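Reviewing the structure listed below.
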Amino acid sequence: MLLIQNVKLVDALGERGPVDVLIGEGRILSLNGGKAETVMDGRGLYLVPGFVDLHAHLREPGQEVKEELSTGLLAAVRGGYTDIVSMPNTTPPVDTPEAVRALRKKAQALGLARLHPAAALTQGQEGKTLTEIGLLQEAKAALLTDDGHTNEDAGILAAGLLQASAFGLPVAVHAEDASLRRGGVMNDGPLADLLGLPGNPPEAEAARIARDLEVLRYALRRSPKRPHLHIQHLSTRRGLELLREAKRAGLPVTAEATPHHLTLTQESLRSFDPLFKVAPPLRTPEDVEALIEGLLDGTLDAIATDHAPHTQAEKEMDLLRAPFGIPSLEVAFPLLYTELHLKRGFPLRRLVELFTDGPRRILGHKPLHLEEGAEASLVLLDPRERPVDPKAFASKARFSPWAGWVLGGWPVLTLVEGRVVHQALE
Amino acid sequence: MRHLLDFQGWTRPEVENLLDTARVMAEVLERPVKKVPALQGFTVATVFFEPSTRTRISFELAARRMSADVVSFAAQASSLQKGESYKDTLLTLEAMGIDAYIIRADSAGVPHQATRWVKGVVVNGGDGRRAHPTQALLDAYTLLEALGTLEGKKIAIVGDILHSRVARSNVELLPLLGAEVWVAGPPTLLPQTLPGARLTPHLEEALAEADAVMVLRLQKERMEAGLIHLQDYIAHYQVTEERLRKAKPNAPLLHPGPMNRDIELEGTLADSERSLVNRQVRNGQAVRMAVLYHLLVGKER
């Protein structure tokens, strides 16, 4: 039994407390205190439901030099995540029920965050032949996605949406028209022209979202069950407008935004530092404002990290050759707590919802609220500020565009079904 | 100046000072013994991650004519693909005591990155589409020789502007010296904006009353990428005698080389008296001597 005294509660329902939370048997037993072997002082801290990440690259199998389950899932619990969806673009890709089961089994043995592997939509992520979607669902794949491979064939995407709808699985897409993007490594526009870097135009995202929404309309018309299209890491104002219109029209579409697209802009590329090379690229301040607006008005459903670890040497290559991606599991919440909530007054309740119930709904999981009887997958947050120190990351990728940024809202205790998986209380 | 990466943040007096030094160096090159001891004891490395013979020889001769020791590193693109990083290469050279690095790469920003890794000074020898500052300096020097001043002069740059580091550096540098720069090319090969330049898809507009014309090389890759049809380019953008009549009489012609004769430029023009191509090459050495001198010895910037 664990008792956390005088702690404030925040979940999708709002802020309340302070209360004394009694935890035992993997559940919240009481919000009115009680007897416990372990008592913690929660004064000044927030208790929130465990975070869920829809989009993390844990690199296992095949690229363990960048990350592996043990380091990725430890990074996750240190970031307050109790549930992680891993992307299937591993070597080989996760495109069979056996691969999904193997990952889940290995993650369970680690006893850190719970792993929900995403599986490829097409065999080998090649965009040609659908995977065994029904069997993948039975193996408990969380969703289907070809991720960085951008589903050039609209017919295959349509078939995937139809087939997945029968098994209640979302299909997640990296919405980017590869032929319009060409070799772009940063946001296309005057700055890319000035820096002499090949541009990836915002229209490449919008064009693909527009197409994918039409594919979704087709699938919706053809399927007796509602298909579910999920748009990954939305990054542009125009993409957001298209999504907003589609939601107004009642299309079954959801979308996520990442911590980096919410806190960084293309200006970072002036340093020519590949640390800031991501796909889709960092955009303009106007795009960032549009995304924050989209988080507030519900157009965007979740914040997902797109945690993309690489080796230090890879990220010290030149901008044309360095890989895309930023590691962020350990800083995502403090970053947005500080930059959105503290600095801009973004409501804390909504921010927590975007890390918890938002992604849960997309995965078809029940909401998790802080009430008696609820599952004790919880995070305790400390609002006190300290600088980001990538050298202390559990992730193998020990670099960060936010190194040195002073942030509050750090997870100091993470529980999965009542089990302590991370503790950093002073 | 600490490094020469591009001309962002440069002032006119700084450029003029550098070009004054280049004039002194040009005199050295006229002497029977073309060598001075200015850089004795310094070691200069040419680090070419992208192949280029002309620029590398020009830099190496410039360093040697000032008595510097010179080492040369040429990477194969293939070894880079195998994971050998630019950083490791530079750190290896750094351990050997290099004072100045002349870096050429196909990716924009590599010289900028290098300044974070090495203590020596860095000269951008051309990086991707970003910049080729010594080319722009030698172009400016050559234009000043021909025109006397750049104040109020209209300079037209013609061709594939989007992918051209030469164009970008000239567009940064020439306006600093008072020139009005126009760039012209097919819309698929023009950037959206280029601060310091007027953009046009019409060659004639750029050439009208131009005091000098700079012609860029049209890369085969652009045609292979389907960005432009060769015959369409020749029909509308080749600089010909007839089109040059729109420019000022005897307006000089520049080209950074190597030239595709009868593609971007009418072959007979390349050999005409208007062509300053050989002057450019010669002035390149003097300008590069001045740059190395200022970076390693001078404290003017």
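Computed from a predicted model, the values in this text were never measured in an experiment. Throughout, a chain's letter reflects where its sequence line sits, starting with A, and its residues are numbered from 1.
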Check against side chain to side chain contact (heavy atoms under 4.5 Å, CB included), A:L194 and B:Q8: CA-CA 10 Å; A:L194 181 74; B:Q8 298 286 312; 3.9 Å; yes

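- Remark: A:E316 CD to B:Y86 OH distance equals 14.0 Å, nearest 0.5 Å.
- The minimum heavy-atom distance between B:A108 and A:L195, with the atom names listed, is CB-O, 3.6 Å.
- We find the CG-CZ distance between A:D193 and B:R130 to be 11.0 Å, quoted to the nearest 0.5 Å.
- In terms of heavy-atom proximity, B:R129 sits nearest to A:G196 at CB-O, 3.3 Å.
- For chain A, the option among B:H163, B:H112, B:R165 with the highest count of heavy-atom pairs below 4.5 Å is B:H112.
- In terms of non-hydrogen atom pairs under 4.5 Å with chain A, the most contact-rich of B:T193, B:D127, B:L194 is B:T193.
- Contacts between B:Q113 and chain A at a heavy-atom distance below 4.5 Å involve the side chain alone, from C-beta outward.
- Under the 3.5 Å distance criterion, the side-chain polar atoms of B:S107 are matched with a main-chain donor or acceptor of A:L320.
- Residue B:R116 touches chain A through its side chain alone, counting heavy-atom pairs closer than 4.5 Å.
- When A:D318, A:L319, A:D273 are compared by the number of non-hydrogen pairs under 4.5 Å with chain B, A:D318 comes out ahead.
- Neither the backbone nor the side chain of B:I161 comes within contact range of chain A; no heavy atoms are under 4.5 Å apart.
- Salt bridge present: B:D106 and A:R321 bring a charged side-chain N and a carboxylate O closer than 4.0 Å.
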